[in-house]
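Every chain is numbered from 1 and lettered A, B, ... according to where its sequence line falls, protein lines coming before strand lines.
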Amino acid sequence: MTNENEDQSNIKPKHFIQEAIDEDLKSGRFKRIHTRFPPEPNGYPHIGHAKAISINFEIAKEYGGLCNLRFDDTNPLAEETEYVNAIKEDIRWLGYDWEDREYYASDYFEQLYEYAVKLIKDGKAYVDSLSAEEMSEYRGPWNKPGKNSPYRGRSVEENLDLFERMRKGEFADGTHTLRAKIDMASPNMNLRDPAMYRILKAHHHRTGDAWCIYPTYDWAHGEGDSIEGISHSLCSMEFENHRLLYDWFVEQLGIHHPRQMEFSRLNLTCTVMSKRRLVKLVQDRHVRGWDDPRMPTLRGMRRRGYTPEAIRHLCEIAGVTKTPSTLQMSVLENCLREDLNKRVLRKMAVLHPLRVVIENYPEGKVEELDAVNNPEDAGAGTRKIPFSRVIYIEQDDFMQHPPKEFFRLAPEREVRLRYAYFIQCNRVIQDRQGNITELRCTYDPETRGGQAPDGRKVKATIHWVSADHAVDAEVRLYDNLFSKEDPDDFPEGKDFIVNLNPKSLEILKNCKLELSLASATVGERFQFERLGYFCVDPDSSAQRLVFNRTVTLRDTWAKTRKG
RNA sequence: UGGGGUGUGGUGUAACGGUAGCACGCCGGCCUUUGGAGCCGUUAGUGAAGGUUCAAAUCCUUCCACCCCAGCCA
């Protein structure tokens with residue numbers, strides 16, 4: 001039982017769409033809330049789409065309403081069944097469910113045709129026979145009114161006849177269009193007699209060859225919303241200019257009138273979101289494909305190891321506003337770490353192995369040491385890890401001539417091997433080029449488990465893997481795809497490709513993992529202690545494990561090292 | 001150039017005429033068998049100029065900046 005005055009600070013403020021919905025419910029404009037997510041099946045969803053998905057589904061949930069999935073498939077030239085499947089898969093992965101409400105704009109083609117006939121009969125639509133170029137000329141520029149098409153005055157009968165023959169396929173592509181008769185002088189370009197149908201003798205992914213005229217977005221979208229009984233049609237800001245037209249169509253038809261509201265899209269630093277740019281990255285092989293772990297596509301992020309929870313949380317904290325904005329990648333990374341830290345098992349893995357021989361440890365001896373699976377979750381328990389005379393540590397964890405802020409292993413210095421013993425470095429072995437190839441150390445048998453009975457402290461704890469028990473693996477390290485926060489900030493005469501981060505992918509082939517990782521399965525996520533979060537890539541086989549680094553741990557040492 | 005929209009610390013977001021708050025980042029400290037996590041603290045903001053008011057991020061006026069629109073794309 002909570003007291004209403006108890007803690008006002010925990011009440012989440014409502015965004016402008018929620019406030020509008022509250023009013024609409026209060027005024028009786030709508031009795032219940034029904035939203036929809038309306039993707040065009042012409043590409044793979046990315047994190048920007050995740051925001052639209054989450055807004056629509058979350059609002060429906062919050063108000064006890066429903067959210068439909070509706071494919072906006074009015075352009076057969078761009079759309080494919082492969083994409084509808086991909087979109088469904090990604091929405092489900094994000095954690096949203098449209099139940100049996102999977103609709104298609106193409107479900108409404110017949111109804112739309114009848115609506116169009118009604119508008120023609122009412123004298124509100126006409127068949128135009130201007131070419132695309134002519135139509136553009138007649139439309140005029142922003143600051144001057146357009147001119148009426150010479151065909152604007154056709155009789156209802158002639159329009160009806162022509163429109164029917166358009167449907168029958170009597171005319172070639174592009175020879176006629178059906179246009180709404182609104183106002184060629186409107187300052188809003190969308191109202192200058194917008195096209196409603198174009199002739200397109202193209203195969204549609206669902207209706208096949210049944211149609212050779214296809215409705216435009218403006219003509220189909222609001223009507224689809226209306227047919228489905230949508231209350232709030234939420235879309236991104238670029239459709240704000242279309243709202244007058246949206247309203248005009250449903251008003252003329254006298255059908256259920258949903259309320260369109262616009263919010264600004266989600267942008268992220270160091271990546272690109274536009275379809276055109278994403279296609280270029282894939283086509284020109286700057287990435288391996290749509291599911292490349294560096295891509296902002298949901299399949300890319302999934303492969304990288306992102307959790308749906310982290311993505312949903314990002315959408316939540318990004319907020320819903322009309323302000324154009326770009327979130328910093330660190331916000332996403334923080335959402336991810338927050339989520340992964342709580343639930344993921346810790347393992348030890350050495351990415352850049354440096355061989356260490358513990359000279360006073362008996363040859364052939366193996367001990368099983370206890371390690372904590374997740375310090376954030378006592379229920380995750382412990383595991384045994386093998387320790388022996390030869391181990392690998394991270395190359396970065398040793399410095400021959402350490403600066404004073406470095407407190408890992410160095411000559412004559414003692415550190416703790418996590419969950420094992422204190423070791424001290426006695427000798428550095430180098431090859432002819434001066435590369436450090438091996439360390440000779442001694443351990444203190446009294447420090448088993450990591451504590452010295454004499455109370456002696458060490459300044460660092462480092463991770464390690466027993467050489468004889470190590471699992472070999474490939475690890476792929478990812479960094480931002482673009483090195484510039486804004487990839488579109490490029491010199492004149494160049495394009496965004498110049499801002500690609502040359503170090504966005506680094507492949508390590510000789511990594512040593514703790515034994516228990518041998519049975520890891522594709523998609524499983526772990527924290528490699530002191531390094532970051534990693535997940536098993538589908539490229540893994542029984543012979544060879546492949547891990548992706550999802551995100552690093554926060555690394556304050558790396559920061560002081562640079563600064 | 002016409003229309004539509006948006007301006008709050010570096011970034012994102014609160015405030016609905018009454019103490020400019022939160023998150024990420026940054027910087028510093030505590031703690032630590034992960035230089036992780038956690039905890040504490042610092043820094044920094046109302047696009048500009050006028051006006052109304054006891055009081056303005058909020059209301060009014062003017063200006064400035066940025067985004068969207070001239071597809072038979074969505």
(request) Provide, to the nearest angstrom, the distance between the CD atom belonging to A:E338 and the C1' atom belonging to B:rA23. (result) 10 Å
(message) Which nucleotide wins on minimum distance to the side chain of A:N334, given the candidates B:rG71, B:rG25, B:rU34?
(response) B:rG25
(request) Identify which nucleotide among B:rU34, B:rG38, B:rU6 has an atom closest to any side-chain atom of A:R530, counting heavy atoms from C-beta outward. (result) B:rU34
(request) Ignoring the backbone of A:T323, work out which of B:rA74, B:rU8, B:rG5 is nearest its side chain. (result) B:rU8
(request) Check every strand shown and say whether A:H221 touches a base, only sugar-phosphate, or nothing at a heavy-atom separation below 4.0 Å. (result) nothing
(request) Using a cut-off of strictly less than 4.0 Å, decide whether A:S325 has a side-chain nitrogen or oxygen near OP1 or OP2 of B:rU13. (result) yes
(message) Taking A:R343 first and then A:D339, would you say they form a salt bridge - that is, a charged N and a carboxylate O separated by under 4.0 Å?
(response) yes
(message) At 4.0 Å (heavy atoms only), tell me whether A:T326 reaches a base, stays on the sugar-phosphate, or touches nothing.
(response) sugar-phosphate
(request) Run the ring-centre check on A:Y113 versus A:F163 and record whether the distance is less than 6.0 Å. (result) yes
(message) Side chain of A:N341 only, heavy atoms from C-beta on: which candidate in B:rA37, B:rU13, B:rG35 is closest?
(response) B:rA37
(request) Respond yes when some side-chain nitrogen or oxygen of A:R243 is under 4.0 Å from OP1 or OP2 of B:rG5, and no when none is. (result) no
(message) Once you measure the plane-to-plane angle for A:H242 and A:Y217, does it fall in the parallel (<30°), tilted (30-60°) or perpendicular (>60°) bin?
(response) perpendicular
(request) Starting from P on B:rU34, measure out to CZ on A:R337 and report it in whole angstrom. (result) 18 Å
(message) Can you tell me which nucleotide in B:rU13, B:rG36, B:rG25 comes closest to the side chain of A:T321?
(response) B:rU13
(request) Would you kindly give the NZ-to-C1' distance between A:K404 and B:rG35, to the nearest whole Å? (result) 17 Å
(request) Look at all strands and tell whether A:E394 reaches a base, only sugar-phosphate, or nothing, counting heavy atoms closer than 4.0 Å. (result) nothing
(message) Whether the A:D396 and A:H352 side chains hold a donor-acceptor pair (N or O, under 3.5 Å, no angle test) is what I'd like checked.
(response) no
(message) Let's see if you can work this out: which of B:rA70, B:rC73, B:rG5 has an atom nearest to the side-chain heavy atoms of A:R139?
(response) B:rA70
(message) Tell me if a side-chain donor or acceptor on A:R530 pairs with a main-chain N or O of A:I462 at a distance below 3.5 Å.
(response) no
(request) Between B:rC73 and B:rC67, how far apart are the P atoms? Round to whole Å, please. (result) 26 Å
(message) Could you tell me how far B:rG7 sits from B:rU58 if I compare only their C1' atoms? Round to whole Å.
(response) 14 Å
(request) For nucleotides B:rG38 and B:rC26, find the distance between their P atoms and express it as a whole number of Å. (result) 14 Å
(request) Would you indicate what A:L553 reaches in the nucleic acid, counting non-hydrogen atoms under 4.0 angstrom: base, sugar-phosphate, or nothing? (result) base
(request) Please indicate yes or no: is the ring centre of A:W142 less than 5.5 Å from the centre of the six-membered base ring of B:rC69, with the two planes inclined by under 30 degrees? (result) yes
(message) Would the base of B:rC69 count as contacting A:N190 through its side chain, where contact means a donor and an acceptor less than 3.5 Å apart?
(response) no
(request) Output yes if the stacking criterion (under 5.5 Å between centres, under 30° between planes) is met for A:W557 over the base of B:rG35, else no. (result) yes
(message) Does A:T550 form a side-chain contact (heavy atoms from CB on, under 4.5 Å) with A:Y306? I'd like the steps, not just the answer.
(response) CA-CA 7 Å; A:T550 308; A:Y306 278 73; 4.2 Å; yes
